[in-house]
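Working notes for the structure below.
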2 protein chains.
Amino acid sequence: MSAKHNDVVKLSEILEKFRDNFPVSSEKWEEYTSRFHRVQVPAKTILLREGEISRKAYLIEKGCIRVWFDNKGEEVTFQFFFENSTVSSIESFKKGTPSLFTLETTEPCTLWWIDKKDVDNLLDEVSEIPSMRNQILNILFERTLHYMQHFLSFVRDTPQERYENLLHNQPYIIQRVPQHYIASYLGISRVHLSRIKNKMARGK
Amino acid sequence: MSAKHNDVVKLSEILEKFRDNFPVSSEKWEEYTSRFHRVQVPAKTILLREGEISRKAYLIEKGCIRVWFDNKGEEVTFQFFFENSTVSSIESFKKGTPSLFTLETTEPCTLWWIDKKDVDNLLDEVSEIPSMRNQILNILFERTLHYMQHFLSFVRDTPQERYENLLHNQPYIIQRVPQHYIASYLGISRVHLSRIKNKMARGK
DNA sequence: GTCAAACGATAACATTTGTTACCAAATTCA
DNA sequence: TGAATTTGGTAACAAATGTTATCGTTTGAC
């Protein structure tokens, strides 16, 4: 990875944002946050390649990460992540299996990464605290719901409706990400997405 | 619900199957399992209707539950559950929001249901035990992965490939469930599923 | 056993969506 | 700045899939 390391930077505001969620001593907080490493990478940097085993999780301070997989020779975009999100190839990170996805930046990014073993330790410690247990469950649960909802929109809605929903609910995705990535994210060809936009531009 | 209640039945083998997963005293085990209620219902029984709030989770001793939702007037099947599975409208059960789905039996069923407040209590108690915490996380995680995989197959595979996968990985679904339910589960019309079967019957 | 409802196959036709090809605009980078 | 790459639009055609309608067959309730 062609990246500038800069781990001595003062703990960023981005980590401070989570301070309230951790009912632990300053010492513990220091210890936890010191496991995160700040790194800056250019656009189109591959953080993890499909088939590799994920050993890092990322927190995005600035930028965008695209998660995609190869389907019969063409890239299919599965998800986008932006500022304040944590990203990993979740199944590979948790189970140590080869990743189904590639993680790639679409913009120059400022990221904080943390090693799997530090995450594991941290989880063990922190899940002794009931309120933290619930938070962990909630986060996982919300991600489950997100997949469910996303899937639902594929079964329930037409491609045009999916595009309209995206435009309405996450316009920043459309603004920041090249359109052909969005096409495969919506499950259609670039040509068809162009048609849809054209159709919508004239009164539907 | 037109059902025969029969709660005094001796604790079924189905609950005993989980005994090993609960490192608790016999008294505790007694207490936990006594919260489950056995019930037998005919085919096409609606256990929860879309829009209602889920207050029960079900464990299937015998039979099949179909989870579906109404999409512009037609039923779209989202999932099937069989013996030894636990079923609820997960987001409604957890959050108390109106269910996005209807739960309906496709066969006469023998079920064990448990009330939400009993589940909540049980979870609180049981998650004090580290090994149980991990199990709970794993179950939730596996369900997340399942949604992810199912979604992936929609993006990646053709309808025929999805049908072939189903035939290969879960042939019992095709054997036990009426075909038109399977069509919408695969995201296609019944006519198209018929075409696919026909095509496959002659050498593809 | 009978009758109604549910189920599944098929044909004809309509619509949606993909594919390929080509071009123009925007962006990147040396 | 200028060339190469990326990105986005459009047209023509092909393929996939949906819709509607019809007709047997199976199933289930009584």
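In what follows, chains are A, B, ... by sequence order, proteins preceding strands, each numbered from 1.
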Contacts of [X] that satisfy side-chain hydrogen bond (donor to acceptor under 3.5 Å, both in side chains) - sequence neighbours left out:
X	answer
A/Lys197	A/Gln179
A/Asp70	none
A/Asn71	none
B/Glu52	none

- request: Count the heavy atoms of every other residue, nucleotide or ligand shown that sit under 6.0 Å from CZ of B/Arg49, and state whether that count exceeds 12.
  value: no
- prompt: For B/Arg35, does the CZ atom have more than 12 heavy-atom neighbours from other residues, nucleotides or ligands under 6.0 Å away?
  reply: yes
message: What is the first contacted nucleotide of DNA chain D and what is the last, in 5' to 3' order, if contact means an atom lying under 4.0 angstrom from a heavy atom of chain B?
response: D/dT17 to D/dT20
- request: Using the ring of B/Phe93 (Phe, Tyr or Trp, six-membered ring only), decide whether B/Lys56 places NZ or CZ under 6.0 Å from its centre and within 45 degrees of its axis.
  value: no
task: Please list, by residue number, the residues of residues 170-186 of chain B whose heavy atoms come closer than 4.0 Å to an atom of DNA chain C; answer none if no residue qualifies.
output: B/Pro178, B/Gln179, B/His180
message: I need the residues from residues 65-74 of chain B with at least one non-hydrogen atom less than 4.0 Å from DNA chain C; give them sorted by number, or say none.
response: none
Rounding to an integer number of Å, can you tell me how far [X] [atom1] sits from [N] [atom2]?
X	N	atom1	atom2	answer
B/Arg202	C/dA9	CZ	P	13 Å
A/Lys197	C/dT17	NZ	C1'	18 Å
A/Tyr163	C/dT17	OH	C1'	18 Å
A/Ile196	C/dT16	CD1	P	11 Å
B/Lys44	C/dA6	NZ	C1'	7 Å

- prompt: Is any side-chain heavy atom of A/Phe82 closer than 4.5 Å to a side-chain heavy atom of A/Ile60?
  reply: no
message: A side-chain contact here means heavy atoms from C-beta on lying under 4.5 Å apart; do A/Gln135 and A/Asn21 qualify?
response: yes
field: Aromatic ring proximity, centroids under 6.0 angstrom, A/Tyr185 and A/His150
entry: yes
- prompt: Which angle, rounded to 10°, do you find between the first-five-pair axis and the last-five-pair axis of the helix from C/dG1-D/dC30 to C/dA30-D/dT1?
  reply: 60°
Residues in ring-ring contact (aromatic ring centres under 6.0 Å, His included) contact with [X], at least two apart in sequence or another chain:
X	answer
A/Phe22	A/Trp29
B/Tyr32	none
B/Tyr181	none

- prompt: Looking for any heavy atom pair under 4.0 Å, which part of the strands does B/Leu193 touch: base, sugar-phosphate only, or nothing?
  reply: nothing
task: Measure the acute angle between the ring planes of A/Phe78 and A/Phe101, then classify it against the limits of 30° and 60° as parallel, tilted or perpendicular.
output: parallel
- prompt: Would you say B/Arg162's side chain and B/Asp157's backbone share a donor-acceptor pair under 3.5 angstrom?
  reply: yes
Polar atom pairs (N or O), protein with nucleotides 10-14 of chain C, under 3.5 Å:
unit_1 : atom_1 : unit_2   : atom_2 : d
C/dT10 : OP2    : B/Asn198 : ND2    : 2.5

- prompt: Do you see a donor-acceptor pair shorter than 3.5 Å between the side chains of B/His192 and B/Arg195?
  reply: yes
